[in-house]
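Note that this is a predicted model, so its numbers are computed, not measured. The figures that follow rest on heavy atoms only: side chains count, while hydrogens, waters and symmetry mates do not.
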Amino acid sequence: GTMRDLTDFESVNSETILPLEFAPLQSFFVVFRKPASAGTGGAKGENHEGRKSNFQVLKPGAEIAGPWEVSFDPKWGPFDPAQGGRPGVFVFQKLEDWTKREEKAIRYYSGTATYRATFDGKDGVRLDLGAFNHLARVWINGRDLGVIWCAPYSVSIPQGLLKTTGNTLEVEITNVWANRLIGDEQEPADCEWQPGHMGGNYLKRFPDWFVRNQPRPSKGRYGFVTWNYFNKNSTLVPSGLLGPVRVMVE
């Protein structure tokens, strides 16, 4: 939702040439609604020295390597209270794919988990999340910086938001539904299925326990669907915050 002037361009005959930088699948609207004024852009043959780039030139500053406190919704996984601390809260010493974890509750988790960490430094102008799957929402020092769902996988850091020490970062990561359904398929079946198209199955009928609002027989299941394209051997979908998470500076 931002707009800004592009000052690095040149006019060649009847054409305007300007350099642009695109992240994968990114797009912009370029609006020509003001004439070039003296001191902006350039004429044919003029070099680009001294002109401000149309895009920030950033370099990596500090990497936020962890440890990370990661909170999962305890309603969506059999989190063991014996692990200590709060239910569903784990400490990740490093960022890793949920599907590579030993804990089944994390490996088969679908939903939102919140990552928390602290970092020092007040010079950052952008936070780069590196890689994640599949949606991210970012807070720095309690301020909501928005949702990230496509490249570039970063958010702008408002001027004056950062402190010299003790900045708090929270990142909500939401993955897709597949892993929980695959996890459910590790449990005994409590529904009848019929073969469907594209390798899926459809529910033959609503089971009696569902119609009568009774507890389901297969206690380890969390989801209920009328179409299912997964089985216990289906490939899990990479999930979670993978990083590296870096504060970018000018």
- Task: Taking ring pair (Phe, Tyr, Trp, His ring centres under 6.0 Å) as the test, write out the residues that go with Phe210, two or more places apart.
- Result: Phe206, Phe224
- Query: Looking at residues at least two apart in the chain, or sitting in another chain, which of them share a ring pair (Phe, Tyr, Trp, His ring centres under 6.0 Å) with Tyr109?
  - Reply: Phe72, Trp98
[X] vs [Y] side-chain heavy atoms within contact, under 4.5 Å:
X      : Y      : result
Ile64  : Val247 : yes
Thr168 : Asn141 : yes
Leu145 : Pro158 : yes
Trp68  : Leu169 : yes
Leu203 : Cys191 : yes
Lys34  : Asp5   : yes
Leu181 : Glu185 : no
Val70  : Ile106 : no

- Partner of Trp177 under ring pair (Phe, Tyr, Trp, His ring centres under 6.0 Å), picked from Trp227, Tyr222, Trp76, is Trp76
- Item | Same apolar cluster (I L V M F W Y, side chains within < 4.5 Å links), Phe92/Phe132 | yes
Hey, could you give me the [atom1]/[atom2] distance between [X] and [Y], rounded to the nearest 0.5 Å?
X      : Y      : atom1 : atom2 : value
Arg137 : Glu172 : CZ    : CD    : 7.0 Å
Ile148 : His134 : CD1   : NE2   : 15.0 Å
His197 : Tyr229 : NE2   : OH    : 3.5 Å
Glu69  : Glu170 : CD    : CD    : 9.0 Å
Leu6   : Asn54  : CG    : CG    : 4.5 Å
Tyr115 : Phe90  : OH    : CZ    : 11.5 Å

- Does Arg246 come within less than 4.0 Å of Glu63, counting only side-chain N to carboxylate O? no
- Item | Listed partners of Gln56 passing side chain to side chain donor-acceptor pair (under 3.5 Å), at least two apart | Glu250
- With side-chain hydrogen bond (donor to acceptor under 3.5 Å, both in side chains) as the test, would you mind laying out the steps for Asp97 and Thr99 before giving the verdict? CA-CA 5 Å; Asp97 187 340; Thr99 67; 3.0 Å; yes
- Would you kindly say whether Asn175 and Asn133 are connected by a side-chain donor-acceptor distance under 3.5 Å? no
- Can you name the nearest heavy-atom pair linking Asp144 to Gly146, along with the distance? OD1-N, 2.9 Å
- Query: Think Arg4 forms a cation-pi with Phe55, using NZ or CZ under 6.0 Å from the six-ring centre and within 45 degrees of its axis?
  - Reply: yes
